[in-house]
Amino acid sequence: MQAIILAAGMGRRLGELTRDNTKCMVSVNGERLIDRLLGQLAQQTLSRVVIVVGYKGQQLRDYLGHRYDGCLNIEYVENPVYDRTNNIYSLALAKEQLQQDDTLLIESDLIFSPRLIPMILENPLPNLALVAKYESWMDGTMVTIDDDLNIVSFVPKKAFKWENSSQYYKTVNIYKFSKEFARQKYVPFLDAYSKAMGLNEYYEQVLRVITLIDSVDLKALPIGDEKWYEIDDVQDLDIAATIFAEGDEMLHRFNYRYGGHWRFPKMLDYCYLVNPYFPTPAMKDELRASFDTLLTEYPSGMMVQQLLAGKYFGIRREYTVVGNGAAELIKSLMEQVQGRIGVVYPTFEEYPHRLAKEQIVPFVPNNPNLEYGADDLMTFFGDKDLQTLLLINPDNPSGNFITKEGLLRLAAWSHDRGIRLVIDESFVDFSDDFEHNSMISNQTLQDFPTLVVMKSISKSYGVPGLRLGVMCSADTDLINRVKRDVAIWNINSFAEYYLQIFGKYESDYRDACRRFIAERRRFEALLHQIPYLRLIPSQANYFCLEVTSRFTSEELTRRLLADYAIMVKDCNSKTSLQGRNYIRVSVRNSEDNDRLIAALKEL
């Protein structure tokens, strides 16, 4: 068995990183792609490694030098016209070598699990292509396979159809060919195809032609959940570095992204705080049906947005302002806060991070379950000089919940003292009896003009990608100041249309919330079975858990991500929880929750 590595390309999309070197010299987490690949090949018994070089080929030769003497017999083939040809020509230049031995054919811009090379070599079938189930990040040649793992067809970019994407597999660009296949099929077809179509093509096109004639010769070998990535540009490089990071570096890389985890479809994100049961398929279908129009049309201005938000929550439009996520409104509100502000810790840090440290008057509940009620807050802040009091209800990460009766007493207490009470109720629809717990109503806002209610539509409504939030208050001067502070087109047409059609799905939303509450109860019972976790009761869509033994919160977070591709929140970064070994896990659907429970039990 030999290996042929295609490494002649210029890698233009990597910009400065390939100005003086070919793509395989790019480093991922401190290791060059070519060193990682050759290191994996050195673990196998190979007669030789043939590297087809072109762009900056001499630099690659000089770098490798004699580094692998004694473990790999490296030979080179030169592609002098790398800038005018594609990989079909690079492989054609090595066709004599291709016919001399069974061959592993590998592209040099790949990073992959060390288990892939043994996987393909140990399989007894002579002609194989490693393939991965299609995911949205994948580009290039796709294949379809039958139940016997025959490659039925190669699907080039031009023939890709989104409606068929669930049937596609992506070629990993690691192949195994027998020398008989190379001599009798591949090379003759390679010569004919190159003569007919030219040299600016791809070697997979030859496989496509062979498959059209006889699909039996080449089989697919799905790699399952094994990790791999193809690096074409700087974003690919960033994602690959995240996927293949280890330990604390992996956690750091995922955490600094602050979202965008759809780029890692194999990861189960338990930091993700949304309703798993809404929107419904019917609502998604309606949004899809209007996709073309919404993509190509401007959204309305603030007046229409206020009208829609008012309809959404059943309040006067003058009492609300719509934000590009609650985060935009939080920023605007906190920048207008004057004087000292009471903050309950631990909490959602986006609020206090917008304040000067000397403005904050902290309250920390002194009990194991991080519990507090309206009376506790009124007692603690009663003798404090406050202009504003901030409350997240249910709180994040504790899930502590103050009933509406308690909130109304707190609002009256605040109003009597001239204190602006800011209540963020982004998670209130996850609470028991959720239909009666919101503070957003004309009567409540009018009764307490110093009350401000913030609500993220991302959370309980399950649409974080739309970036929607509202702030509500009968203090119309404050509402108008925030309106002037945000852009006239601060939400897009998709978000506006969602607000417009929500009314048709309100009963579905209530059903989704009830379904969620039932799943939370089931999940809570399962979490109680984990002996090294102590659960804090929650009325939100997450649980705060104390790690009592076996691990620190950091160790458990790292193990879940590294070993199970499950990401939970280590609360060690939360003010008042540093060093106390708390984690936060969201409540997802039953299938996902069972997967987390299985991982926790296995650990």
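Model, not experiment: these values are computed from the prediction.
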[X] to [Y] - nearest heavy-atom pair and separation:
{"X": "Leu386", "Y": "Gly342", "answer": "CD2-N, 3.5 Å"}
{"X": "Asp376", "Y": "Gly373", "answer": "OD2-N, 2.8 Å"}
{"X": "Ile231", "Y": "Ala240", "answer": "CD1-CB, 3.9 Å"}
{"X": "Tyr134", "Y": "Met138", "answer": "CA-SD, 3.7 Å"}
{"X": "Val274", "Y": "Gly462", "answer": "CB-CA, 4.0 Å"}
{"X": "Pro464", "Y": "Tyr272", "answer": "CG-OH, 3.8 Å"}

Value rounded to 0.5 Å, distance of [atom1] in [X] from [atom2] in [Y]:
{"X": "Leu287", "Y": "Leu466", "atom1": "CG", "atom2": "CG", "value": "7.0 Å"}
{"X": "Leu451", "Y": "Gln446", "atom1": "CG", "atom2": "CD", "value": "12.0 Å"}
{"X": "Cys571", "Y": "Gln578", "atom1": "SG", "atom2": "CD", "value": "10.5 Å"}
{"X": "Leu527", "Y": "Leu535", "atom1": "CG", "atom2": "CG", "value": "6.0 Å"}
{"X": "Glu16", "Y": "Leu14", "atom1": "CD", "atom2": "CG", "value": "11.0 Å"}
{"X": "Leu478", "Y": "Gln336", "atom1": "CG", "atom2": "CD", "value": "6.0 Å"}

Atom [atom1] of [X] with >12 non-hydrogen neighbours under 6.0 angstrom:
{"X": "Arg550", "atom1": "CZ", "value": "no"}
{"X": "Glu506", "atom1": "CD", "value": "yes"}
{"X": "Asn366", "atom1": "CG", "value": "no"}
{"X": "Glu591", "atom1": "CD", "value": "no"}

(message) Checking salt bridge (Lys or Arg N to Asp or Glu O under 4.0 Å) between Asp432 and each of Lys404, Arg514, Arg521, which is the one that passes?
(response) Arg521
Side-chain donor/acceptor of [X] to backbone N/O of [Y], under 3.5 Å:
{"X": "Asp395", "Y": "Asn400", "result": "no"}
{"X": "Gln539", "Y": "Gly399", "result": "no"}
{"X": "Arg481", "Y": "Ser332", "result": "no"}
{"X": "Asp236", "Y": "Asp232", "result": "yes"}
{"X": "Gln500", "Y": "Tyr498", "result": "no"}
{"X": "Ser456", "Y": "Ala326", "result": "no"}
{"X": "Gln359", "Y": "Ile341", "result": "no"}
{"X": "Glu496", "Y": "Ile491", "result": "no"}
{"X": "Ser431", "Y": "Val428", "result": "yes"}
{"X": "Lys227", "Y": "Ile243", "result": "yes"}

One thing to verify: whether [Y] and [X] come together as a salt bridge, which I'm taking to mean a side-chain N less than 4.0 angstrom from a carboxylate O.
{"X": "Arg420", "Y": "Asp475", "result": "yes"}
{"X": "Arg409", "Y": "Glu405", "result": "yes"}
{"X": "Arg595", "Y": "Asp592", "result": "no"}
{"X": "Lys601", "Y": "Asp594", "result": "no"}
{"X": "Arg515", "Y": "Glu519", "result": "no"}

Pairs meeting criterion ring pair (Phe, Tyr, Trp, His ring centres under 6.0 Å) with involvement of [range], two or more places apart:
{"range": "residues 545-585", "answer": "Tyr532-Phe551"}
{"range": "residues 502-525", "answer": "Phe278-Tyr509, Tyr312-Phe502, Phe430-Phe516, Tyr461-Phe502, Tyr461-Tyr509, Phe502-Tyr509"}
{"range": "residues 462-491", "answer": "Tyr298-Trp489"}

Minimum side-chain heavy-atom gap [X]-[Y] below 4.5 Å:
{"X": "Arg354", "Y": "Lys331", "value": "yes"}
{"X": "Asn541", "Y": "Arg520", "value": "no"}
{"X": "Cys513", "Y": "Asn275", "value": "yes"}
{"X": "Ile419", "Y": "Thr450", "value": "no"}
{"X": "Ser458", "Y": "Arg467", "value": "yes"}
{"X": "Phe380", "Y": "Val344", "value": "no"}
{"X": "Thr403", "Y": "Asn437", "value": "no"}
{"X": "Ile583", "Y": "Phe543", "value": "no"}

Side chains of [X] and [Y]: do they bring a donor and an acceptor to under 3.5 Å?
{"X": "Asn490", "Y": "Glu328", "answer": "yes"}
{"X": "Thr293", "Y": "Ser290", "answer": "no"}
{"X": "Tyr270", "Y": "Asn593", "answer": "yes"}
{"X": "Asn396", "Y": "Arg584", "answer": "yes"}

(message) Which residue in the set Thr552, Asn572, Asp570 passes side-chain contact (heavy atoms from CB on, under 4.5 Å) when paired with Thr557?
(response) Asp570
(message) Exactly one of Cys271, Ser586, Ser553, Cys544 should register a side-chain contact (heavy atoms from CB on, under 4.5 Å) with Lys569. Which one does?
(response) Cys271
(request) Show your reasoning for whether side-chain contact (heavy atoms from CB on, under 4.5 Å) applies to Trp137 and Ile239. (result) CA-CA 10 Å; Trp137 64 267; Ile239 293 171; 5.9 Å; no
(request) On the 0 to 90° scale, with breaks at 30° and 60°, tag the Phe427-Tyr542 ring pair as parallel, tilted or perpendicular. (result) perpendicular
(request) Could you go through the side-chain contact (heavy atoms from CB on, under 4.5 Å) check for Leu600 and Leu560 one step at a time? (result) CA-CA 8 Å; Leu600 292 169; Leu560 285 169; 4.2 Å; yes
(request) In sequence, state the C-alpha distance, the side-chain angles, and the governing distance for Glu425 and Ile440, and then conclude on side-chain contact (heavy atoms from CB on, under 4.5 Å). (result) CA-CA 9 Å; Glu425 61 168 53; Ile440 300 178; 3.7 Å; yes
(request) Begin from the C-alpha positions of Leu499 and Gln305 and carry the test side-chain contact (heavy atoms from CB on, under 4.5 Å) through to its verdict. (result) CA-CA 8 Å; Leu499 290 174; Gln305 295 173 18; 5.6 Å; no
